[in-house]
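For reference, the structure is listed below as structure tokens.
Please read these numbers as outputs of a predicted model, since none were measured by experiment. Residue indices begin at 1 and follow the sequence shown.
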Amino acid sequence: MPMYVGVLTVIAGWAVLFGAGILAAYAAAWFVIFSLFVRFYEEPHLTRKFGHEYTAYRKRVGRWLPKRFRGNVS
């Protein structure tokens with residue numbers, strides 16, 4: 001996931017730097033592609049491979065943004 005966020009950040013930065021709406025649209029298109037890939041390929045694959053451990057991990061960690069910390073770390 002960090003790789004996808006990095007790519008989107010670079011493209012969005014180019015859009016801002018050059019004031020190019022087409023680059024913003026390009027970043028949005030890649031966000032949709034990455035989201036679909038993660039949701040329909042990576043997550044099912046990792047669930048099959050790691051089972052309950054990955055399911056528990058997904059409950060603790062946000063898909064795109066970190067979840068707010070609550071409670072003890074253990």
### Query
Does a side-chain heavy-atom distance below 4.5 Å link Leu46 with Arg58?
no
#### Entry: Nearest heavy-atom neighbours spanning Thr47 and Thr55
CG2-OG1, 4.2 Å
## Note on the structure
Looking only at heavy atoms, the pair that brings Ala27 and Ala12 closest together is CB-N, 4.4 Å
### Query
How close do Ala15 and Ala24 get, heavy atom to heavy atom, and via which atoms?
CB-N, 3.6 Å
### Summary
Value for OH (Tyr26) from CG (Leu8), rounded to nearest 0.5 Å, stands at 10.5 Å
Could you list the donor-acceptor pairs under 3.5 angstrom formed by side chains in residues 35-43, with sequence neighbours left out?
| from | atom 1 | to | atom 2 | distance (Å) |
| --- | --- | --- | --- | --- |
| Ser35 | OG | Phe31 | O | 2.9 |
| Glu42 | OE2 | Tyr4 | OH | 2.7 |
| Glu43 | OE1 | Arg63 | NH2 | 2.9 |
| Glu43 | OE2 | Arg63 | NE | 2.8 |
| Glu43 | OE2 | Arg63 | NH2 | 3.3 |

### Query
Do other residues, nucleotides or ligands put more than 12 heavy atoms under 6.0 Å from Trp64 CH2?
yes
### Message
Does Trp30 form a ring pair (Phe, Tyr, Trp, His ring centres under 6.0 Å) with Phe34? I'd like the steps, not just the answer.
### Response
CA-CA 6 Å; Trp30 275 108; Phe34 289 153; 5.3 Å; yes
